[in-house]
Amino acid sequence: MHIEKIEHGPEKVGPWSQAAFVLIIVLTLAAAVITGTVIVKLITAEPSDASTREFIEGIGISLATLVFILGAIIYLYVKGLLQDEYVTTLE
């Protein structure tokens, strides 16, 4: 199978792409804040506090939220901003 020609689809325009761009920026800032909070908590925690169940659950919830936000960013990028591509193959 050989790729004969790759054509880029139309540029994403309109309110959906603008909303996706704004949401990506907001979610990226939220992810940065959560990441910074987790790092600061891990560095500044006393060993006796860091070994408690509440501390570990709090860090786990923060990391789960971070993974969810990163998934949302990827989804919005693919659906809202990434251009569609059409591939013509020659067999």
Side-chain angles (χ1 to χ4, degrees):
M1 177 183 286
H2 301 286
I3 297 176
E4 179 183 320
K5 187 176 185 182
I6 297 176
E7 298 177 9
H8 293 283
E11 287 188 25
K12 300 278 183 153
V13 294
W16 169 246
S17 65
Q18 292 175 353
F21 180 73
V22 170
L23 283 173
I24 287 172
I25 298 298
V26 170
L27 289 173
T28 302
L29 292 174
V33 168
I34 292 173
T35 303
T37 304
V38 168
I39 290 172
V40 167
K41 282 183 183 179
L42 289 174
I43 291 174
T44 61
E46 294 294 324
S48 60
D49 294 335
S51 62
T52 61
R53 180 181 178 123
E54 293 82 18
F55 182 82
I56 296 169
E57 285 177 353
I59 294 295
I61 290 171
S62 296
L63 292 177
T65 305
L66 185 62
V67 169
F68 180 77
I69 289 173
L70 293 176
I73 290 170
I74 292 170
Y75 176 79
L76 286 171
Y77 177 72
V78 169
K79 286 295 195 181
L81 298 180
L82 191 65
Q83 294 181 4
D84 299 326
E85 292 184 5
Y86 303 99
V87 178
T88 305
T89 59
L90 178 65
E91 297 184 36

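Small disclaimer: the values here were computed from a predicted structure and weren't measured. FYI, the numbering just counts along the sequence from 1. Computed over heavy atoms, backbone and side chain alike; hydrogens, waters and symmetry mates excluded.
- Counting heavy atoms of neighbouring residues, nucleotides and ligands inside a 6.0 Å radius, atom CD of Glu46 does not exceed 12 of them.
- Phe68 and Ile34 fall into different hydrophobic clusters, where Ile, Leu, Val, Met, Phe, Trp and Tyr residues are linked whenever their side-chain heavy atoms come under 4.5 Å apart, directly or through other members.
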Listed pairs under 3.5 Å, donor-acceptor, residues 18-31 side chains, sequence neighbours left out:
from	atom 1	to	atom 2	distance (Å)
Thr28	OG1	Ile24	O	2.6

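- The heavy-atom pair separating Ser17 from Gly14 by the smallest distance is OG-O, 3.1 Å.
- Contact between Val38 and Ser62 at its shortest, heavy atoms only, is CG2-CB, 3.5 Å.
- Linking ILVMFWY residues whenever their side-chain heavy atoms come closer than 4.5 Å, directly or via other members, places Trp16 and Tyr77 in the same cluster.
- Rounding to the nearest 0.5 angstrom, the gap separating the CG atom in Leu70 from the OG1 atom in Thr35 is 7.0 Å.
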